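Quantities reported herein were computed from a predicted structural model and do not represent experimental measurements.
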Amino acid sequence: MYYIVTYDVATDTREGQRRLRRVAQACEGYGQRVQKSVFECVLDELRYVELVHRLGAIIRRDEDSVRIYRTQDFTKSSLLVLGRNLGLDLNGPWTV
């Protein structure tokens with residue numbers, strides 16, 4: 001399934017800045033960054049639950065916000081990009 005993960009972490013303190021880095025690092029393990037606080041992820045149910053649990057353990061629920069949207073796909077027909085397109089073709093071959 002396709003997911004879009006967005007987050008807004010309060011960075012007024014060093015601890016908030018640290019949480020922001022940790023949230024980004026956690027998301028990097030599950031998808032590709034398409035904007036500073038937006039990731040596109042293709043996850044099975046287990047990886048989705050794992051990501052939710054991991055992010056929930058990092059954020060402060062009284063200060064931070066993480067939103068995860070489930071979507072149909074990331075094909076070009078369902079996406080409009082204005083400006084630079086930072087996304088990768090998730091259906092194409094990946095070189096690591």
Participant: Can you name the closest pair of heavy atoms from Ala26 and Leu55 and give their distance?
Facilitator: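 That would be CB-CD2, 3.9 Å.
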
Participant: Could you list the residues that satisfy salt bridge (charged side-chain N to carboxylate O under 4.0 Å, His left out) with Asp62, not counting sequence neighbours?
Facilitator: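 Residues passing salt bridge (charged side-chain N to carboxylate O under 4.0 Å, His left out) with Asp62: Arg60.
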
Participant: Using the ring pair (Phe, Tyr, Trp, His ring centres under 6.0 Å) rule, collect all pairs that involve residues 4-47, keeping only residues at least two apart or in two chains.
Facilitator: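 Of all non-adjacent pairs touching residues 4-47, none passes ring pair (Phe, Tyr, Trp, His ring centres under 6.0 Å).
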
Participant: Tell me whether Met1 is reachable from Val42 by hopping between hydrophobic residues (I, L, V, M, F, W, Y) whose side-chain heavy atoms are closer than 4.5 Å.
Facilitator: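 Result: no, two separate clusters.
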
Participant: Looking at residues at least two apart in the chain, or sitting in another chain, which of them share a salt bridge (charged side-chain N to carboxylate O under 4.0 Å, His left out) with Arg54?
Facilitator: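 So Arg54 forms no salt bridge (charged side-chain N to carboxylate O under 4.0 Å, His left out) with any residue.
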
Participant: Hey, could you give me the SG/CZ distance between Cys41 and Arg33, rounded to the nearest 0.5 Å?
Facilitator: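 Answer for the SG-CZ pair, Cys41 versus Arg33, is 11.5 Å.
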
Participant: Mind checking what makes side chain to side chain contact (heavy atoms under 4.5 Å, CB included) contact with Thr6, not counting sequence neighbours?
Facilitator: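 Applying side chain to side chain contact (heavy atoms under 4.5 Å, CB included) to Thr6 gives Ile4, Val38, Arg67, Tyr69.
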
Participant: Is there a side-chain contact between Ile58 and Val66 in this structure, where contact means two heavy atoms from C-beta onward sitting under 4.5 Å apart?
Facilitator: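 Of all side-chain heavy-atom pairs linking Val66 with Ile58, none is under 4.5 Å.
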
Participant: For the CD atom of Glu63 and the CG atom of Asp8, what is their distance to the nearest 0.5 Å?
Facilitator: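 Those atoms lie 11.0 Å apart.
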
Participant: Quick one: closest heavy-atom pair of Arg19 and Val9, and the distance?
Facilitator: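 That would be CB-CG1, 4.0 Å.
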
Participant: Tell me, please, which residues at least two apart from Arg18 pass salt bridge (charged side-chain N to carboxylate O under 4.0 Å, His left out).
Facilitator: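 Expected list: Glu15.
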
Participant: Set out, in order, the CA-CA distance, both residues' side-chain angles and the distance that settles side chain to side chain contact (heavy atoms under 4.5 Å, CB included) for Gln17 and Leu20, then state yes or no.
Facilitator: CA-CA 5 Å; Gln17 295 167 3; Leu20 176 65; 5.5 Å; no

Participant: Can you sort out the partners of Glu45 under side chain to side chain contact (heavy atoms under 4.5 Å, CB included), two or more places apart, ordered by chain and number?
Facilitator: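 Glu45: side chain to side chain contact (heavy atoms under 4.5 Å, CB included) contacts with Tyr3, Tyr48, Val49, Arg70.
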
Participant: Between the main-chain N or O of Gln25 and the side-chain N or O of Arg22, is there a donor-acceptor pair closer than 3.5 Å?
Facilitator: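 No; judged by distance alone, with no hydrogens or angles, the pair does not exist.
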
